[in-house]
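Below is one structure, written out as structure tokens, with a few remarks after it.
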2 protein chains.
Amino acid sequence: MSERSQETDSFADVCNQLRNHAYKLTPQRQTILKIFLEQGSGHLSAEEIYQLVKPHYPDIGLATVYRTLDILADLGILQKNDFGDGRSRYEFSRRDEHHHHHLICLRCGSVSEFDDDLLESLETMIAKRNKFKVVDHVLKFYGYCSRCQEELNRDA
Amino acid sequence: MSERSQETDSFADVCNQLRNHAYKLTPQRQTILKIFLEQGSGHLSAEEIYQLVKPHYPDIGLATVYRTLDILADLGILQKNDFGDGRSRYEFSRRDEHHHHHLICLRCGSVSEFDDDLLESLETMIAKRNKFKVVDHVLKFYGYCSRCQEELNRDA
DNA sequence: CTTATTGCAAATGATTTGCATGGCG
DNA sequence: CGCCATGCAAATCATTTGCAATAAG
């Protein structure tokens, strides 16, 4: 229940952001947005989003998906990630939410998330030490998720 | 003086690594290797390496450069980086040297490096907390280098 | 000798772009 | 109504691959 109203709020919210930036509120853009609000957790590629949108809006072009993702990422509504599989992956990023980082499994490719408190102090220290003004950071850990660790032990 | 002998050692060292893995020591591979040992510090793209090799070995093909970079990165002799400019960038990575991370300037594109002591403990903690076995990590800070900060203040 | 390696050209795969048409504000 | 947005197809761009010729061990 609280989930639904939260989703609705987010949707209206993003629509306003688009309007404020003089972007038109086309059905294609709305559909893509809804996909993210419904999925919530996934790290979707452009092609995956394209496939998910098609049932709702069959005439959409892949180029439109790319153009929309660009806009949403520029506005900070989506986070564009590179997990090293050759395509960009997008996830919904609630405003004001401090962005998280990723644990990428080298065996099954699953991606999980973690928040960083410690990284804050590391960032401050490094910025000071190098006279470098940090505006964003990316932290990824590659390794094996717990499930894959078990399966590897079993096979060995 | 100590620099030259160090370079020579590194060269012989890498040649041995190739031999140990049953890779042939072709002149193309040797030339590419020397480029890295001479440059030392740069973060070179495949195309840039190709251009640097050509004067020494005009008939080399770009595909060979890519293939060689793959091998050297697999052996841990080179570190393959993604700085978000759409091409991979390689740097020489002395064996036994704990790999460093990057400060990427959003204005001038310069890349500087820093080492991480604190990240170690962060890694341990996160691994424990998430039952995730970490084998590698990537940490990048995006922001403005000291030079660009000055220039931005001047212009403003 | 024997097989890994090479150069070339063609293939790939994600993303971008030109352009005429269509639709939001 | 004007101009942004769209769909389509063609263009890009980095990287990969098939293949016959070549060379390292």
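Not measured: the values here are computed from a predicted model.
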Would you mind reading off the distance between [X] atom [atom1] and [N] atom [atom2], rounded to a whole angstrom?
X: Asp82(A); N: dT15(D); atom1: CG; atom2: P; value: 12 Å
X: Arg89(B); N: dA14(D); atom1: CZ; atom2: C1'; value: 12 Å
X: His21(B); N: dT5(C); atom1: NE2; atom2: P; value: 13 Å
X: Gln30(A); N: dT6(D); atom1: CD; atom2: P; value: 11 Å
X: Arg29(B); N: dA23(D); atom1: CZ; atom2: P; value: 15 Å

Strictly below 4.0 Å, heavy-atom distances to any atom of DNA chain D: list the hits from residues 53-61 of chain A, or just say none.
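Of all residues in residues 53-61 of chain A, the ones placing a heavy atom under 4.0 Å from DNA chain D are Tyr57(A), Asp59(A), Ile60(A), Gly61(A).
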
Does one hydrophobic cluster hold both [X] and [Y], with members joined at side-chain heavy-atom distances below 4.5 Å?
X: Val65(B); Y: Tyr90(B); value: yes
X: Phe92(B); Y: Val138(B); value: no
X: Leu103(A); Y: Tyr142(A); value: no
X: Tyr144(A); Y: Leu139(A); value: no

Plane angle bin for Phe83(B) and His102(B) - parallel if under 30°, tilted between 30 and 60°, otherwise perpendicular
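His102(B) vs Phe83(B) ring planes: perpendicular.
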
With under 30° as parallel and over 60° as perpendicular, where do the rings of Phe141(A) and Phe114(A) fit, or are they tilted in between?
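The rings of Phe141(A) and Phe114(A) sit tilted, inter-plane angle from 30° to 60°.
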
Atom of His43(B), atom of Arg89(B) and distance for their closest heavy-atom approach
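Looks like O-NH1, 2.8 Å.
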
What is the minimum heavy-atom distance between Phe36(B) and Leu44(B), and which atoms define it?
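The pair with the smallest heavy-atom distance is CE2-CD1, 4.1 Å.
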
Distance below 4.0 Å between Gln28(B) side-chain N/O and dA23(D) OP1 or OP2
no

Ionic contact status for Arg87(B) with Glu48(B), cut-off 4.0 Å
no

Assign a letter to each nucleotide of nucleotides 9-20 of chain C from its 5' end: B, base within under 4.0 Å of a protein heavy atom; S, sugar-phosphate only; -, no contact.
-----SBBBB--

To the nearest 0.5 Å, what is the distance between OG1 on Thr64(A) and OH on Tyr57(A)?
8.5 Å

Pairwise N/O distances under 3.5 Å, protein to nucleotides 21-25 of chain C:
from: dG23(C); atom 1: N2; to: Lys24(A); atom 2: NZ; distance (Å): 3.2
from: dC24(C); atom 1: O2; to: Lys24(A); atom 2: NZ; distance (Å): 3.2
from: dG25(C); atom 1: OP1; to: Leu25(A); atom 2: N; distance (Å): 3.0

Could you tell me whether the side chain of Leu75(A) reaches within less than 4.5 Å of the side chain of Leu18(A), counting heavy atoms only?
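With C-beta onward as the side chain, the pair touches.
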
